[in-house]
Amino acid sequence: MEESGCKNMANFPNGFLWGGATAANQVEGAYNEDGRGLAKTDVTTGGTKDKPRMVTYIDKDGKPGEMIAYGSSLPEGAHYAVLDGYYYPNHKGVDQYHRYQEDFALFKEMGFKQYRLSISWSRLYTRGDEKEPNKAGVEHYRKVFEELRKNDIEPLVTIWHFDTPLVLEEEYGGWSNRKLIEFYVRFATTCFTEYKGLVHNWLTFNEINNPIQFLDMKGHPSDEDYQEACQLLHHQFVASAKAVQIGHAINQQNRIGCMICGITWYPGTCDPKDILANRHAWEKNIFYCGDVQCKGYYGTYAKRLWKEHNVELEITEEDLMDLANGTVDMYTFSYYMSQLVTTHEIRDIVQGNFSSGAKNPYLSYSDWGWGFDADGLQYYLEMIYDRYELPIMVVENGLGAYDTVEEDGSIHDDYRIEYYREHIKAMDRAIENGVDLIGYTTWGCIDVVSAGTGEIRKRYGFIYVDVDDEGNGSMDRSRKDSFYWYKKVIASNGEDLS
Ligand code: BG6
């Protein structure tokens, strides 16, 4: 790794919000404590990069059924269930529910200005459809936010991070049902009211574009798949827009953002057909959601997309008003990789963050096959800022990798440092080119249970957690080399990347 670029131009503005990010279901554990209800992740087993996560259930006769892949429909009459003899990694997470004070002290030691975390919906509303929240859940997060403030760390709160209460999935059919808008809005209103003054920065839905982006991973999605994805997304857009309006009414200081799974799409060849396909990939995967949430209406291309797939959306006049009145204050996104789009035969497919595409010969890939493309981050930032001219935060970015603990307990994760160094340089260049980038929270600043595979060995953290994929270990925390490195980066406001 050449050192010449280590002292960079440091264009990061004063007050830049350096920090890290996690999600409740991936770190908290305590899945059935203090009145928390179940979410889908609680009935989902661990997998690997080659073996999908599975969901457990009891069949219509009350007997344990054959596991099914996450995302498949349950057999007729079956119910999701936690069964004996299976290990569910999200049940324990990394025990942040009980260890948040220790974790926040470590974040402070690194100099974090901001910590992105999410609120588990089923901690506040056990079933999801109650009128009143669960007091124990409300009080837990109050203590969490107070503790962050004590450490001078600004919370950035994701209201929904993949964890719709299981009852809403089973009894109401999940987000395909318009009723969920009402339940979500009640949940979000409780968050804005209870944590007024403690939290100012909010994200309504994590990676809201996943349902539509994910369609391509099915190979040949049907018109029904498109219909379902577009309708459920429409419900989430309306829920988000209503939440934005309520959040602003409760506290004008609230800054509320969208959160998009940011993939930089490139044409696989210079065939004009690929160039056009690439443009359409941006429209479907990235702009479709960003435009509604930032501009307040569907882009023109949405009509083409609906027509191509025979989608007939149920949209009311009131929905359109809500979308127009509930635009977000900032654009936030995750960034891990780019993908190639081509109309030509693909020999080597790579799977990534809720996306797949042709392998790019100019990139290197992680052990989980995710491409390493820091230039893609600069491209994405410049493209998006030019489109919306809203403040931007990169709220997820990181490298999932195997870590080795040496005999003396040290962990030399220079691969992670190199990954971050290049991505921070890319952000720096984008700022120099005029992008109003205001914050950066690396993904899994402390090791977390992977969302995609359920593994803990796919580690992202600056902080190592002693737990394995069967849940064995002390849960003790220790500092990796990257911990000390990131501390220096923050202290120098992005100047010292050596
Ligand atoms: C994003 C999610 O998709 O990517 C996170 O918002 C997730 O929840 C992250 O953990 C990394 O993906 P994975 O599959 O490596 O955990």
Side-chain angles (χ1 to χ4, degrees), residues 23-26 28-33 35-93 120-123 125-130 160-177 179-180 183 210-211 214-215 217-229 231-232 235 351 354 356 448-458 467-472:
N25 72 83
Q26 293 171 261
E28 284 182 355
Y31 83 105
N32 58 359
E33 288 183 36
R36 182 183 179 277
L38 295 181
K40 187 97 162 269
T41 41
D42 298 312
V43 290
T44 307
T45 63
T48 65
K49 62 184 169 190
D50 308 310
K51 193 175 113 224
R53 301 189 74 178
M54 304 297 266
V55 170
T56 55
Y57 63 91
I58 45 174
D59 66 18
K60 60 176 176 8
D61 304 317
K63 301 209 181 75
E66 286 264 303
M67 292 195 293
I68 50 166
Y70 190 91
S72 331
S73 314
L74 277 184
E76 191 72 28
H79 292 287
Y80 293 116
V82 173
L83 300 178
D84 290 341
Y86 293 94
Y87 181 63
Y88 302 92
N90 301 79
H91 285 190
K92 284 192 180 174
S120 156
W121 188 346
S122 59
R123 261 191 217 293
Y125 288 89
T126 310
R127 289 175 46 88
D129 60 357
E130 302 92 333
W160 179 91
H161 195 123
F162 303 155
D163 57 359
T164 306
L166 202 54
V167 171
L168 299 187
E169 302 265 14
E170 278 207 322
E171 292 184 22
Y172 293 86
W175 278 97
S176 304
N177 187 339
K179 275 293 260 183
L180 263 79
F183 302 140
N210 280 341
F214 188 65
L215 286 176
M217 291 183 82
K218 292 193 165 193
H220 298 285
S222 65
D223 286 355
E224 288 73 36
D225 292 330
Y226 265 90
Q227 173 70 36
E228 192 189 345
Q231 189 65 59
L232 81 80
H235 294 153
Q351 305 270 332
F354 295 98
S356 56
V448 303
V449 173
S450 155
T453 66
E455 291 162 293
I456 187 84
R457 81 186 109 195
K458 186 182 185 188
V467 59
D468 67 17
D469 284 319
E470 280 77 47
N472 307 306

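The side-chain heavy atoms of L232 and P211, taken from C-beta on, include a pair separated by under 4.5 Å. The side-chain heavy atoms of L168 and F183, taken from C-beta on, include a pair separated by under 4.5 Å. E28 is listed as a side-chain neighbour of S120, based on a closest heavy-atom distance under 4.5 Å. Taking 4.5 Å as the limit, every side-chain heavy atom of H79 sits out of range of all side-chain heavy atoms of L74. The closest side-chain heavy-atom distance from N210 to F162 is below 4.5 Å. D42 has its side chain out of reach of N32: every pair of non-hydrogen atoms, C-beta onward, lies at least 4.5 Å apart. Counting heavy atoms from C-beta on, the side chains of P221 and Y226 come closer than 4.5 Å.
For the salt bridge (Lys or Arg N to Asp or Glu O under 4.0 Å) test, no residue two or more places apart in sequence or in another chain qualifies with D59. Considering only residues two or more places apart in sequence or on other chains, W160 meets the side chain to side chain donor-acceptor pair (under 3.5 Å) condition with T164. Applying the side chain to side chain contact (heavy atoms under 4.5 Å, CB included) criterion to Q231, with sequence neighbours excluded, gives Q227, H234, H235, L313, E314. Under the salt bridge (Lys or Arg N to Asp or Glu O under 4.0 Å) criterion, D225 pairs with K218, not counting sequence neighbours.
Scanning all heavy atoms of the two residues, the minimum distance from I58 to L83 falls at CG2-CD2, 3.9 Å. Of all heavy-atom pairs between A69 and S72, the closest is O-OG, 2.6 Å. Contact record, P89 with G454: CG-O, 3.4 Å, taken as the closest heavy-atom pair. Between R123 and G29 the shortest heavy-atom distance is NH2-O, 3.0 Å.
The stretch residues 160-174 participates, sequence neighbours left out, in these salt bridge (Lys or Arg N to Asp or Glu O under 4.0 Å) pairs: R127-E171. Identified under the side chain to side chain donor-acceptor pair (under 3.5 Å) test for residues 45-57, with sequence neighbours left out: R53-N90, T56-Y88.
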- [ ] Check the pair K92 / Y87 against side-chain contact (heavy atoms from CB on, under 4.5 Å), numbers first and verdict last.
- [x] CA-CA 10 Å; K92 284 192 180 174; Y87 181 63; 3.9 Å; yes
Open item on the list: Pair Y86, M54 - check side-chain contact (heavy atoms from CB on, under 4.5 Å), show working.
Closed with: CA-CA 10 Å; Y86 293 94; M54 304 297 266; over 6 Å; no
Task: Candidate pair T126 and R36, rule side-chain hydrogen bond (donor to acceptor under 3.5 Å, both in side chains), full reasoning - done: CA-CA 5 Å; T126 310; R36 182 183 179 277; over 6 Å; no
Open item on the list: The test is side-chain hydrogen bond (donor to acceptor under 3.5 Å, both in side chains); show your working for Y172 and D129 and say whether it passes.
Closed with: CA-CA 10 Å; Y172 293 86; D129 60 357; 2.7 Å; yes
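Not a single donor-acceptor pair under 3.5 Å links the side chain of D61 to the backbone N or O of K63.
No more than 12 heavy atoms of other residues, nucleotides or ligands sit less than 6.0 Å from atom CD of E228.
When only modelled atom types and interatomic distance are considered, T44 and T41 share no side-chain donor-acceptor pair under 3.5 Å.
Interatomic distance, CZ of F214 versus OG of S356, reported as 9.0 Å (0.5 Å rounding). Rounding to the nearest 0.5 Å places NE2 of H91 at 12.0 Å from CD of E33.
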